[in-house]
Amino acid sequence: MRTICIEPQYEAWRAAARQLLARAVAPEDLLWSDEPKEALLFSGENSAAKVHKGEAIKVPLAFLDMARSAATHSDGRRWALLYRTLWRLTLGGEKHLLSMATDRDVRQIQDWCKAVGRDLHKMHAFVRFRLVSVNEETGREQFVAWFEPDHRIVRLAVPFFEKRFAGMDWSILTPYECAHWDGKQLHFTAGVPRSSAPDEDALDDLWRTYYRSIFNPARLKISAMQSEMPKKYWKNLPEAPLIATLIAESAGRVQGMMDTEERPAKPAPNNAYLKSLHDMNQ
Amino acid sequence: MDITRKLQILADAAKYDASCASSGAARKDSRGSTGVGSTGGAGICHSYTPDGRCVSLLKVLMTNACLYDCHYCINRRSSNVTRARFTPEEIVRLTLDFYKRNYIEGLFLSSGIIQSADHTMELVIEVARKLREEHHFRGYIHLKTIPEASPSLIALAGRYADRISINVELPSQQSLNTLAPEKNLARTEEAMGHIREKIDERYAEKRRPDAPKPPPFATGQSTQMLVGADASTDAVLLNCADKLYTNHRLRRVYYSAFSPIPEPSSILPLKAPPLIREHRLYQADWLLRFYDFKVEEITSPAAPNLDLALDPKLAWALRNRETFPVDVNKAPREMLLRIPGLGVRNVERIVRARRYTRLRLADLIRLRLQMKKLLPFIMTADHHPAKLGLDSDSLRARFLPPPEQLELSFAAPPAPAPSDFLSVRSGEL
């Protein structure tokens with residue numbers, strides 16, 4: 001049994017997995033760790049291990065996509081399971097494995113991918129940029145956002161923001177990693193605490209006005225809202241403090257509508273266009 | 001009037017339009033430009049209000065002043081609602097400011113009709129033109145168009161917009177004559193036909209290898225129908241939707257339960273919105289678009305309305321028990337799609353997996369399928385439903401929800417409706 005220690009990143013897992021597979025190291029002979037204190041990769045390696053030379057390892061492209069996504073999941077078992085699946089797809093002879101959504105391992109990886117995909121989607125949706133300054137030299141507006149993803153998805157999430165917000169400078173701060181865009185390139189820095197990000201934006205009030213006005217009190221469906229926007233996100237959404245009031249007021253607002261006296265139809269004003277419509281409809 | 005008050009009035013005026021999609025646009029983004037914006041991926045819902053609807057676009061009217069007198073609409077000319085009007089610059093500023101803070105995916109702009117259809121269209125188009133040409137905005141734009149506007153203006157709207165739409169509102173001219181006397185179904189369909197030609201042209205050009213760039217035009221059109229404002233049955237609504245999907249290739253038909261408005265009309269008394277009916281219509285709509293069902297399989301002259309207690313696929317299966325059980329290891333894909341509780345994605349999974357293995361119940365459980373719903377209708381390597389009594393009359397009772405009030409009562413609105421538990425996304429089966 002050997003312990004493989006890697007950085008908690010897809011690239012590190014892939015490099016290690018490639019070497020291990022080339023030496024035909026079976027998944028059951030390995031323990032994986034992304035704790036930095038563990039021994040280095042292949043220290044004290046057994047030289048008798050069989051090495052497959054010159055043979056490129058071929059796996060379906062779909063597996064690489066799955067692995068890249070699952071690698072960001074917070075579950076500690078992911079490295080081992082990804083390696084076992086890689087083994088089964090190649091040396092294990094189960095080329096068709098990814099077609100088997102009913103397989104336990106495939107299912108587990110797909111579940112991780114789904115959780116990561118949802119986390120990514122929610123990050124794209126719920127990041128809120130706050131204007132902090134305007135660069136005097138370039139005239140570019142500078143925005144900062146705070147987000148707390150469940151998984152280590154910052155690097156997967158930023159291409160979206162780069163494409164969408166190319167014309168402004170921005171930083172997205174998270175507890176474990178931060179991403180920054182200056183109009184030319186992206187760079188990454190270590191995570192920061194919540195207090196490093198601004199709390200408010202001057203536009204938040206206008207946004208809340210919109211949120212309040214677009215809500216229809218006559219069709220309350222609270223559970224539908226919460227399943228798509230779970231409470232854990234609320235603390236970082238400027239509109240969320242309105243929710244309780246909107247719900248509480250809705251019954252009274254609808255009753256007010258029901259109690260309003262019905263308005264009679266007014267006669268048509270003298271308008272040439274309206275007249276032409278009425279003529280056409282005859 | 002300040003911008004906050006205007007936003008309040010003109011968002012309130014726009015909220016009865018159910019359309020919220022921001023997907024299906026051509027791929028474009030802001031890289032290499034001084035602007036912001038991207039489209040082409042899946043749509044993103046940036047927030048949700050307690051009505052369960054998503055907030056993805058800044059949905060406002062240019063003005064809520066209107067010449068028309070549609071009695072279901074808060075903005076009709078007979079309503080005493082406070083009127084307001086944005087300038088094009090104000091909407092442009094709001095859109096960009098909201099977009100840069102990642103509150104929204106783009107703009108959904110509609111308007112009350114003032115002076116004439118053409119004049120109103122010109123105002124709406126001017127906002128889109130400014131966003132695209134002066135601010136290099138590449139986010140999503142949905143423009144509401146007016147069937148009576150001149151074709152050249154509709155073509156111009158399509159140049160700037162990712163999606164354009166005309167609302168049918170009511171599925172028969174008879175209903176329109178009573179409730180929306182200025183509207184005409186034939187003219188609406190004619191305009192949709194022209195839009196379809198434009199969209200088709202776009203795709204035809206794109207396919208030609210020597211065509212450098214497709215002519216800019218919206219990638220899709222959609223519409224909305226009101227549910228419960230008139231006496232139209234579900235069969236009428238679904239037949240109308242089906243015709244629009246077939247004839248004009250609409251991306252979406254939205255069904256909007258007629259809900260109370262602050263300015264009720266004497267011609268159309270207020271009542272509780274038929275939310276479950278709306279939900280069933282979306283499910284039926286999904287069956288038409290993705291499951292190859294025909295309207296006459298879902299509704300019939302004897303039962304022109306959908307069963308509110310059961311989803312329409314399950315209701316169909318119970319009416320057609322002789323078709324079941326279906327062998328998941330052998331049945332063709334189109335038969336698998338007919339099984340209650342089995343969605344498009346899981347059908348694909350089953351079709352792929354069964355090439356390599358004979359599926360057993362444990363496999364289906366691992367796919368997290370709704371076994372209780374499925375079991376009476378399927379066969380697997382280790383399961384045959386005979387002993388569950390597929391032919392017994394108790395089968396329907398097995399699927400009925402516990403007796404509960406179906407219409408939402410306004411007296412106690414915070415209690416979640418049974419529909420909330422069936423599916424959180426309308427239309428998903």
Side-chain angles (χ1 to χ4, degrees), chain A residues 96 99-102 104 107 121 124-130 141 143 162-168 201 203 206-207 209-211 213-216 218-225 227-229 237 239 243 246-247 250-251 254-255 257-258 260 262-266 269 271 273-274 277 280-281, chain B residues 4 7-8 11-12 15 29-31 33-38 44-52 55 59 67 69 77-80 97-98 100-103 115-116 182 184 257 259-267 270 273 275 349 352-353 355-356 359 363 366-367 410 413-414 416 420 424:
Chain A
H96 61 275
S99 296
M100 305 285 294
T102 51
R104 258 173 241 280
R107 186 68 219 175
H121 191 70
H124 292 157
F126 298 149
V127 152
R128 294 284 183 262
F129 284 114
R130 270 109 198 214
E141 291 172 306
F143 290 85
E162 186 189 342
K163 285 179 197 156
R164 178 158 289 194
F165 299 108
M168 60 194 223
D201 185 281
L203 258 289
L206 208 50
W207 169 240
T209 297
Y210 178 68
Y211 183 84
S213 308
I214 206 72
F215 163 64
N216 183 349
R219 36 181 310 145
L220 209 55
K221 269 188 163 184
I222 301 167
S223 59
M225 167 188 68
S227 74
E228 292 298 329
M229 194 167 81
L237 292 171
E239 64 273 27
I243 292 172
L246 290 179
I247 294 171
S250 61
V254 176
Q255 196 53 52
M257 297 176 202
M258 304 301 271
T260 304
E262 289 159 355
R263 317 276 187 233
K266 286 180 191 166
N271 169 282
Y273 169 70
L274 204 52
L277 274 186
M280 268 196 284
N281 288 354
Chain B
T4 300
L7 180 60
Q8 208 178 350
D12 190 82
K15 72 179 161 208
D29 64 55
S30 62
R31 283 177 299 181
S33 85
T34 54
V36 292
S38 62
I44 297 173
C45 304
H46 287 270
S47 193
Y48 288 82
T49 40
D51 48 23
V55 183
K59 194 189 290 182
L67 284 169
D69 212 20
R77 65 168 187 262
S78 296
S79 153
N80 293 331
D97 281 347
F98 279 13
K100 286 175 182 175
R101 282 151 185 84
N102 204 37
Y103 298 153
Q115 281 185 39
S116 70
E182 282 78 22
N184 181 283
S259 73
I261 51 173
E263 288 280 324
S265 162
S266 56
I267 294 173
L270 298 185
L275 294 181
R349 286 182 176 142
R352 286 185 74 188
R355 276 188 242 146
Y356 305 101
L359 294 166
D363 293 313
R366 233 170 278 129
L367 291 176
F410 287 124
D420 288 357
V424 290

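When reading the values below, keep in mind they use all heavy atoms of this one structure, side chains included, and skip hydrogens, waters and symmetry mates. Note that the structure is predicted; figures quoted are calculated from it, not measured.
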Can you tell me which portion of B:Ser116 sits under 4.5 Å from chain A's heavy atoms? Options are side chain, backbone, both or neither. both

For B:Phe98, is it the side chain, the backbone, both or neither that has a heavy atom under 4.5 Å from a heavy atom of chain A? side chain

Quick check: closest heavy atoms across A:Tyr273 and B:Gln115, and the distance to 0.1 Å? CB-O, 3.3 Å

Of B:Asp29, B:Val55, B:Asp12, B:Thr4, the largest count of non-hydrogen pairs under 4.5 angstrom with chain A goes to B:Asp29

Without swapping roles, check the side chain of B:Ser78 against the backbone of A:Lys266 for a donor-acceptor pair under 3.5 Å. yes

Residue among B:Lys100, B:Arg31, B:Lys59 with most heavy-atom pairs under 4.5 Å to chain A: B:Lys100

Let's test your reading of the structure: which of A:Pro269, A:Ala125, A:Ala265 forms the most heavy-atom pairs below 4.5 Å with chain B? A:Ala125

Salt bridge (Lys or Arg N to Asp or Glu O under 4.0 Å) with A:Glu162: which residues, sequence neighbours excluded? none

Which bit of B:Asp363 is near chain A, if near means a heavy-atom gap under 4.5 Å: side chain, backbone, both or neither? both

Run the ring-centre check on A:Phe129 versus A:Phe165 and record whether the distance is less than 6.0 Å. yes

Of B:Ser259, B:Pro50, B:Ser38, B:Gly35, the largest count of non-hydrogen pairs under 4.5 angstrom with chain A goes to B:Pro50

The interface call for A:Leu203 against chain B, heavy-atom contacts under 4.5 Å, is both

Heaviest contributor of heavy-atom pairs below 4.5 Å to chain B, chosen from A:Asn271, A:Asn216, A:Ile243, is A:Asn216

Can you say whether the rings of A:His96 and B:Tyr356 are parallel (under 30°), tilted (30 to 60°) or perpendicular (over 60°)? parallel

Holding to ring pair (Phe, Tyr, Trp, His ring centres under 6.0 Å), I want the full list of residues that pass it with A:Phe143, two or more places apart in sequence or in another chain. none

Ranking A:Arg130, A:Arg107, A:Met100 by heavy-atom pairs under 4.5 Å to chain B gives rank one to A:Arg107

Side chain, backbone, both or neither: which part of A:Arg128 has a non-hydrogen atom closer than 4.5 Å to chain B? both

In terms of heavy-atom contacts, B:Gln8 and A:Ser213 come closest through CA-OG, 3.4 Å

With a 4.5 angstrom heavy-atom cut-off, is it the side chain or the backbone of B:Ser265 that approaches chain A, or both, or neither? both

Heavy-atom pair of closest approach, residues B:Pro260 and A:Met257: O-SD, 3.4 Å

Best-contacting candidate, A:Lys163, A:Met229, A:Arg164, against chain B by heavy atom pairs under 4.5 angstrom: A:Arg164

Whatever's closer than 4.5 Å to a heavy atom in chain A on B:Ile261 counts as backbone

Any side-chain donor paired with an acceptor under 3.5 Å for B:Ser47 and A:Glu239? yes

